[in-house]
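In what follows, a structure is listed as structure tokens, so that the remarks can point back to it.
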Amino acid sequence: MPVLLLDTNIPENAESDRPVTHILYVRGREMRLHQELVLGTGGVRALRALGIAPAVWHLNEGHSAFLLVERTRALVAQGVALDDALERVRSNSVFTIHTPVAAGNERSIRRWSGEWPARCTTAMAARAREACRWIAFWI
């Protein structure tokens, strides 16, 4: 099984984006959000660019949750109806957690996820914004 490493410290990125992958589990919700976007969205795009099509998408904890949004976005962009796209993504996504105590799990994502649809307006079409609301249901 190959291991793929996502690195933001490349010349094509803005200086402010380069440190996103320097340190895992950083303090501060904003940097964690950037890391989760790189892992979720960037991870899906990297796999697709390499021609890898997983039969099942595994999410451990919430770190890669944006892969749900990216997969849904891509299906909607291909012309799949939003409800059908959500069902297709849901049908082969598996979520596990290895920290079954409250202290080890993030609570802020629920508060933050309510703001996400407004943040999606420039990045997604209006119908695809529903996928952002859907992620709050999953987490």
- Heavy-atom neighbours of I52 CD1 exceed 12 at 6.0 Å: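 Enclosed.
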
Between [atom1] on residue [X] and [atom2] on residue [Y], distance to nearest 0.5 Å:
X	Y	atom1	atom2	answer
L86	S91	CG	OG	11.0 Å
E36	L67	CD	CG	11.5 Å
T8	L37	OG1	CG	12.0 Å
Q35	M31	CD	CE	6.5 Å

- Message: Considering only residues two or more places apart or on different chains, which pairs with a residue in residues 40-49 satisfy side-chain hydrogen bond (donor to acceptor under 3.5 Å, both in side chains)?
- Response: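 Passing the test, one end in residues 40-49: R45-E70.
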
For a 4.5 angstrom cut-off between non-hydrogen side-chain atoms, does [X] reach [Y]?
X	Y	answer
H58	S93	no
W57	V94	no
L68	F95	no
T96	L59	no
L4	L47	yes
V44	R73	no

- Taking only residues two or more places apart in sequence, or in another chain, which ones meet E15 in a side chain to side chain donor-acceptor pair (under 3.5 Å)?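 Scan of E15 (side chain to side chain donor-acceptor pair (under 3.5 Å), adjacent residues dropped) gives R18.
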
- What closest approach, in Å, do T21 and N9 show between heavy atoms, and which atom pair accounts for it?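 The pair with the smallest heavy-atom distance is OG1-N, 4.3 Å.
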
- Message: How close do A85 and V80 get, counting heavy atoms only, and between which atoms?
- Response: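 Minimum heavy-atom separation between A85 and V80: N-CG1, 3.6 Å.
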
- Treating Ile, Leu, Val, Met, Phe, Trp and Tyr as nodes and any side-chain heavy-atom pair under 4.5 angstrom as an edge, say whether L50 and I10 lie in one connected cluster.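 No, because L50 and I10 fall into different hydrophobic clusters, even though each may have its own neighbours under 4.5 Å.
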
- Query: For residues T72 and R88, is any side-chain donor paired with an opposing acceptor at under 3.5 Å?
  - Reply: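 No, because no side-chain N or O of T72 sits under 3.5 Å from a partner of the opposite role on R88.
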
